Each structure stands twice: as structure tokens, then as C-alpha cells.
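To start, the structure under review is shown below, and the notes come after it.
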Amino acid sequence: MGQMENTSQIAKEFAEEMEKKNRKEKITNWMPVGILVFLIVMLSVVADGFLTMYNFRSILSQLSILLVMSMGLTFVILIGGTDLSGEGLGGFVGAIVSLMVLNTKTSLDLGVLAILIAVAAGVAVGIISGLIHVKGMLPSFMVTYAISSVMAGFAVLSYKGTPAMIQDEFFTALSQGSLLGIPYLTLIALVIFLISYFLLEHTRFGSYVYAIGDNEGVARNTGINIEKVKIKIFAWSGFCIGVAGVMGAIRVGRGDVSIGTGTVFPAITAVVVGGTSLSGGKGGVLNSLVGAFIVTVVNNGLILLGVSTYVQSAVQGLIIIAAVALSVSKGNKEIVK
């Protein structure tokens, strides 16, 4: 009788502990949304012009490239990896697409085909990064950082020091146009988000991503081809970087290696601030969407308040540190793979 009471008590304590854990996880999951709402309310009070239609469009425009970059990074970070190739690869893709559409440096005029070729180049480089990481058993951050440097060099070589100015009317229309008040580039970013959400939440590939991030050893024992999935993940990240690179060229109207400058760490910040753990297995593209809005709203608010770019960089650095600290506190697994 006493043993049954002890067993019942243990079961009750276990159930209470699980309920407490679930409540804590729910609070943690909703915290980024709460932070976003708080920022919007605060900036509405202290920053003149924040709650205007013009500024809303400006936020959506600023969000576009960041959101696309963060979609690819979400998959990589979910397996506990890192992709730092975005700056060099994004600049390279932007450079070559500008040389293939109607421009001031070459006689090429491939139109939409140029976009497909440039994005395909991003995918190819992503696959190469994945292969080196998997087959060479090297940390992903080292491989992708090196790839970024290599592609930045190729970008400058492609236009021989003088960037090509884009003259294609289609690119001009994309950079300046909007639909129902939403910039075309933001609509493209939202399409990439929807594709990412479908891949992660409604395909076997997505379930494999979560399984690898949660416990790679167990995932391997269940028959998942870890190496193949990782290469696909880096290919997807390369695709997103490629799209972001094309969008960057569209926005500035030329192909320049600087297109990718300063895009990677804000994207990583967006992913982690949104609630995706750097140790892998927890989070998703919805989290990254919220995180991208948080980063964009903070930057937009600082600009409206007249804060210098140096202070903005410092704030962004502090956000990254805080995000990493929160991510590490969620578990003690290995951070970088």
C-alpha cells in the first residue's frame, strides 16, 4: 500500500514538473512576440513619424533582404550549424546577375534567365560548402567563412573593379514598385518565407532537420542520411543567399561586392532573437519572421531617433550577445557543428 502511494506521489510530481516545463516553454516561445509589441508601442511614443504609412512601407522594405537571408540560416542553425558565406556569396550573385542583364559593362541581356543562373550559382556554392563541411568533417563556420572570402574575391574579379550599372527596366520596376502598398521585394521575401515554412513544417526533409538538430546520433540510428540532409540544408541556404544577392542588386541598381556587406550577422540575430536555439533542434521560420521584424524595427527606430550608425552597430552587437546568451541558457549542447 505504501509503495503504491509513493508511486502515485512520484507520478504526480512528474506531471506537475512537466506542466511547469510546458508553461515555461510557452512563455519563452511567446516572448519574442511580446518584445516586438513592446518595441512598437515604445517607438510609437518616443519616435516621431514611426506610426505612419510611409514608415511602415520603409520597415517592410528594410525587412525584405534580412528575411530572405534569415530563412536559409534558420535551417542551418536548426541543426546546430552556422553559415557565414552570405556576405561574399551575396555580393558575388549580385555582381554576376548585373553583368547578365542589360547593363553598362557587357552586351548581355538575358533578362529573367540571368536571375535563374545567378541564384543557381548560389545553390551550387551552398552545395560545395555542405560537401566540404560534411566530407571534410570541418566546422561549418570555418568552411562558410572561407567560402565567403573566396566568393568576395570572385565578385570583384567578375566586374574587374568597376561595378556594372543595371539598365534593365524589369529590375527598375521591381526596385520601385509595390502591390497594395507592399514593395515587390518584400512580396518576394514573403514568398520565400512561405516556401521555407512549407519545407520545414510539412515535409519529411523538415522533420529530418529538427531530428538532426535535436540529437544527431539518434537521428543517424533511425536511418536518416545525415550527410545528404546537411548538404541539402546548405543548398537551401545558398538558394536564399542567391535570392538575397539578386534583391540587393535590384535595390542598389548595380552589381557590387558590397551588396552582401553587413547582411549575415543581422540575419543570425533575427534567427536567434526570434527563438531558434544556436544549439539546434528548437525554433523555426515563424520565429525568424518575428526576429526579423524585431531587428528591423529596432534599426528603424534608431534611425528615426537620429542615433549614429556607430551606436546602431553597438546596439546590434549587444542584441547578438543577449540572443546568444539566451540561446545557450536553453540547453548545454554543443553550439557549433
Side-chain angles (χ1 to χ4, degrees), residues 60-73 83-129 144-178 183-189 191-192 234-267 309:
L60 290 179
S61 180
Q62 294 169 37
L63 174 77
S64 57
I65 293 176
L66 173 64
L67 181 59
V68 173
M69 288 283 286
S70 66
M71 289 299 99
L73 275 165
D83 189 348
L84 302 179
S85 66
E87 294 200 1
L89 181 54
F92 173 75
V93 170
I96 63 171
V97 75
S98 70
L99 293 169
M100 292 187 290
V101 297
L102 189 63
N103 67 90
T104 58
K105 290 206 70 168
T106 70
S107 58
L108 292 174
D109 184 11
L110 302 182
V112 176
L113 181 59
I115 296 176
L116 299 178
I117 294 171
V119 173
V123 174
V125 174
I127 291 172
I128 291 170
S129 296
T144 53
Y145 182 75
I147 290 290
S148 179
S149 298
V150 171
M151 300 316 298
F154 283 156
V156 177
L157 287 173
S158 70
Y159 55 75
K160 299 177 182 177
T162 305
M165 305 302 293
I166 296 173
Q167 298 177 321
D168 192 300
E169 292 182 0
F170 177 65
F171 273 52
T172 304
L174 284 177
S175 67
Q176 299 176 356
S178 63
Y184 286 141
L185 292 183
T186 306
L187 290 173
I188 293 170
V191 169
I192 299 299
F234 280 94
W236 173 250
S237 183
F239 170 81
C240 291
I241 293 170
V243 173
V246 171
M247 291 169 68
I250 291 171
R251 174 172 288 174
V252 301
R254 68 180 186 276
D256 194 328
V257 68
S258 64
I259 285 170
T261 302
T263 56
V264 171
F265 284 105
T309 54

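Along the sequence shown, residues are numbered consecutively beginning with 1. Note that the coordinates shown come from a computational prediction; the quantities given were computed from them, not determined experimentally.
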Is it true that a side-chain atom of [X] and a backbone atom of [Y] form a donor plus acceptor pair closer than 3.5 Å?
X	Y	answer
Ser148	Thr144	no
Lys105	Thr162	yes
Thr186	Leu60	yes

Do [X] and [Y] have side chains that approach each other closer than 4.5 Å (heavy atoms only, starting at C-beta)?
X	Y	result
Ser61	Arg251	yes
Ile147	Met151	yes
Asn103	Ser98	no
Val97	Phe171	yes
Phe239	Ile192	yes
Val191	Leu187	no
Tyr159	Asp256	yes
Ile241	Asp83	yes

If you look at every heavy atom in [X] and [Y], which pair is closest and at what distance?
X	Y	result
Val246	Ala118	CG2-CB, 4.2 Å
Leu73	Val264	CD1-O, 4.1 Å
Gly86	Met69	CA-CE, 3.8 Å
Ala95	Ala155	CB-O, 4.0 Å
Phe234	Ser129	CD2-CB, 4.4 Å
Met247	Ser64	CE-CB, 3.6 Å

Query - Step-by-step side-chain contact (heavy atoms from CB on, under 4.5 Å) determination, Val252 to Ile166 - result: CA-CA 9 Å; Val252 301; Ile166 296 173; over 6 Å; no
To the nearest 0.5 Å, what is the distance between [atom1] on [X] and [atom2] on [Y]?
X	Y	atom1	atom2	result
Leu185	Ile250	CG	CD1	5.5 Å
Leu174	Phe170	CG	CZ	4.0 Å
Leu89	Glu87	CG	CD	11.5 Å
Leu66	Gln62	CG	CD	10.0 Å
Leu84	Phe265	CG	CZ	5.5 Å
Leu110	Asp168	CG	CG	10.0 Å

Query raised in the report: For atom CD of Gln167, is the number of surrounding heavy atoms from other residues, nucleotides or ligands below 6.0 Å larger than 12?
Result: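 Yes, enclosed.
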Query raised in the report: Ser158 and Leu99: side-chain contact (heavy atoms from CB on, under 4.5 Å), yes or no, with the steps?
Result: CA-CA 8 Å; Ser158 70; Leu99 293 169; 3.9 Å; yes
